[in-house]
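In what follows, a single structure is set out as structure tokens and then discussed.
The shown structure was predicted, so the numbers you read here are calculated from the model rather than taken from an experiment. The first residue in the sequence is number 1, and the count goes up from there. First listed ligand is number 1; within each ligand, the first listed atom is number 1.
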Amino acid sequence: MLNFVGTRDSSQNCDFKNAVLNPNANFGGLWTLKKIPQIDFSTYQNLDYKTLCEKIFQALDLNLNSKILDSVLNAYESFDDKTNPAPLNFIQKNLAIQELYHGKTRAFKDMALAPFGKLFSLLAKEKKEKYLILTATSGDTGPATLESFKNLENIEVVCLYPKGGTSDVQALQMTTQDASNLHVFGIEGNFDDAQGILKSLIQDLDFKNALQEKNFLLSAANSVNFGRIAFQIIYHIWGYLCYIKTSKVPFGTPIKTIIPSGNFGNALGAFFAKKMGLPLDKIIIASNPNNILSDFINTGIYDISYRSLKHTYSPAMDILKSSNIERILFALFGDQETKKFMHSLETKQYYSLNQTQLKTLQEYFEATYCEDEKCLEIIKNFYDKNLLIDPHTANAIFAHQQLSPKESIICSTAEWSKFAPIVIKAVTKKQSSDKEAIEKILKDQNLNLSPHIEQLFAKPIYHQEVLKISEVKDKILQCLNSTPNTRK
Ligand SMILES: *Cc1c(COP(=O)(O)O)cnc(C)c1O
């Protein structure tokens, strides 16, 4: 089934397997769904998580044989509760927090990346191909990608992170990985620089040829990969169905979902779920002071030209070029408009929707942003009520307070333990290391730490190197040379 098309040229098409293995469509652009299936979700109310995944994969016509899909979905066995990997926690009668951080790396990236690695590796093996996965991270994608791909066959991973731009815990989650197929480097620059070098290498013919000589194909596990988006549709459906069940409001009740957003993968999952017929109300996009997404949704103008990236307390949302917006543009306005907008963004750092288009966008989305000081205030208020939230989630709580919707699900995208110094700063105004902050919180709140985080501080560090942008290409080729040639 060639049910994927290029966002900038819908005459280009491919199947799901190709969209996963080669996520960048020809002529620039991304692979996306050609047609969005309609589903009567009222018949899905009693499914378990795994069956729900299978149903959605079927409905999307993703054509995986049941043996592969089964083995891929076993990834959720590494979650705290494999029968409920994305549980809801009602903090008020009509407000639930959906905890998307119960995988090994304690951030929502695991929801998609835990199964994705297995999927990718099995598809690569099926085709007898070897892949280099290049990934750039602002902190959470890197750990989840490394965890997902470690020791898998036919895959080498190179992971770039902005040195000093992640929390200690995130850095340790990457630098202590010791599988021989994982290569981790700090970059002198911010996340956009790291993502930029990755995008330019994907287009670099000389680099591709050098890889080909080594018998490697190039791919990416970033949130542009539709293989990740597929899994991110599912937990939004799960969240809705659990909400209905627990709160006893009738099926069909519109529920808002509030999503702390950066590259827009999480929100895109909700958008597809809504398009497929899930009775979601508007999707509320929560931004931090890098408020390009909330400005875009409120004004129709996407303008990077006058902005520079700010370092905030919610670093996983410190993004200006939000990749998955392109798929929204395609789904709402088609390939020609998308091509025009993306061209304008590349050449003028700017594009603007017309009034009709803006209205269409706002039928699906609302948005607001939260200042850093406010973010700390919210963390403290919750802390005083013995509720621990991370700064990304705090942005979403702020959006909930601002737009005061009725029935709502707030997506919580990270466990507090990944951003403990910010939590402590909010509570005591003092600076501390991750380790000190975690210890203080455990004591104050009488909690247990996830063993996945606890173990980190005792592990040896395997990856120390920090690179200039100009050194990245040669370094990657070098580390593939030194890879023992045992994986065929
Ligand atoms: C990745 C991430 C986000 C942003 O998600 P997108 O899908 O890129 O919009 C928000 N919060 C946390 C903790 C994350 O790791």
Side-chain angles (χ1 to χ4, degrees), residues 30 86 97-114 116 135-145 147-148 161-162 165-167 169-170 173-174 191-192 194-195 220-226 228-233 235-236 257-273 283-288 290-294 296-297 312-328 365 367 369-370 375 379 388-399 410-420 422-423:
L30 307 170
I97 294 190
Q98 188 175 21
E99 298 173 354
L100 299 175
Y101 52 70
H102 287 278
K104 280 190 181 169
T105 75
R106 315 316 278 173
F108 102 94
K109 303 292 189 292
D110 290 329
M111 289 303 305
L113 278 168
F116 179 84
T135 185
T137 182
S138 59
D140 287 336
T141 304
T145 306
E147 193 57 49
S148 171
Y161 68 95
T166 71
S167 75
V169 166
Q170 289 170 328
Q173 285 177 325
M174 296 185 274
F191 171 67
D192 274 1
Q195 187 163 256
N222 275 21
S223 65
V224 300
N225 195 307
F226 199 90
R228 281 178 57 181
I229 305 298
F231 295 107
Q232 290 174 176
I233 298 172
Y235 59 72
H236 288 293
T257 176
I258 307 169
I259 306 180
S261 295
N263 242 337
F264 220 77
N266 197 354
L268 180 69
F271 172 82
F272 281 134
I283 299 161
I284 299 181
I285 301 305
S287 293
N288 70 16
N290 293 297
N291 56 358
I292 192 148
L293 288 170
S294 61
F296 175 59
I297 287 159
T312 72
Y313 297 141
S314 41
M317 298 157 68
D318 289 348
I319 288 169
L320 293 177
K321 283 183 202 149
S322 179
S323 312
N324 275 305
I325 291 289
E326 181 163 350
R327 289 193 168 107
I328 301 286
F365 297 103
Y369 76 97
C370 179
C375 171
I379 293 172
L388 278 156
I389 51 166
D390 95 291
H392 303 79
T393 309
N395 290 314
I397 305 242
F398 177 77
I410 291 175
C411 288
S412 179
T413 48
E415 189 175 66
W416 64 270
S417 59
K418 288 196 94 165
F419 301 94
I422 298 167
V423 175

Close N or O approach (His392, ligand 1; < 3.5 Å): no

Phe419-ligand 1 polar pair, N/O distance under 3.5 Å: no

Protein heavy-atom partner closest to atom 2 (C) of ligand 1 - residue, atom, separation in Å: Lys109 NZ, 2.4 Å

Subset of ligand 1 atoms that lie under 4.0 Å from at least one heavy atom of Pro260: 4 (C), 10 (C)

Heavy-atom neighbours of Phe264 CZ exceed 12 at 6.0 Å: yes

Nearest non-hydrogen protein atom, atom 15 (O) of ligand 1: Asp140 OD2, 2.5 Å

Any N/O pair Asp390/ligand 1 closer than 3.5 Å: no

Minimal non-hydrogen separation, Phe116 against Ala221, with atom names: CE2-CB, 3.8 Å

Spacing of Leu113 atom CG and Phe231 atom CZ [to the nearest 0.5 Å]: 9.5 Å

Ser261 N/O under 3.5 Å from ligand 1 N/O: no

Gly265, any N or O under 3.5 Å of ligand 1 N or O: yes

Pair Gln232-Asn266, side-chain donor/acceptor within less than 3.5 Å: no

Atom 5 (O) of ligand 1: nearest protein contact (heavy atom, Å): Phe108 CE2, 3.4 Å

Check: Ser322 side chain, Gly262 main-chain N or O, donor-acceptor pair, under 3.5 Å: yes

Which of the ligand 1 atoms, numbered from 1, are nearer than 4.0 Å to a heavy atom of Asn266: 7 (O)

Atom pair CD1/CD1 of Ile297 and Ile292 - distance to nearest 0.5 Å: 11.0 Å

Enumerated ligand 1 atoms positioned under 4.0 Å from heavy atoms of Ala414: 13 (C)

Any N or O of Gly262 closer than 3.5 Å to N or O of ligand 1: yes

Nearest-neighbour protein heavy atom for atom 12 (C) of ligand 1, which is reported as residue plus atom name and distance: Thr413 OG1, 3.3 Å

Straight-line distance of His392 NE2 to Cys370 SG, nearest 0.5 Å: 12.0 Å

Ligand-side contact atoms (ligand 1) for residue partner Asn263, heavy atom cut-off under 4.0 Å: 6 (P), 8 (O), 9 (O)

Lys418/Asp390 salt bridge by N-O under 4.0 Å criterion: no

Distance-only side-chain donor-acceptor flag, Asn225 / Arg228, under 3.5 Å: no

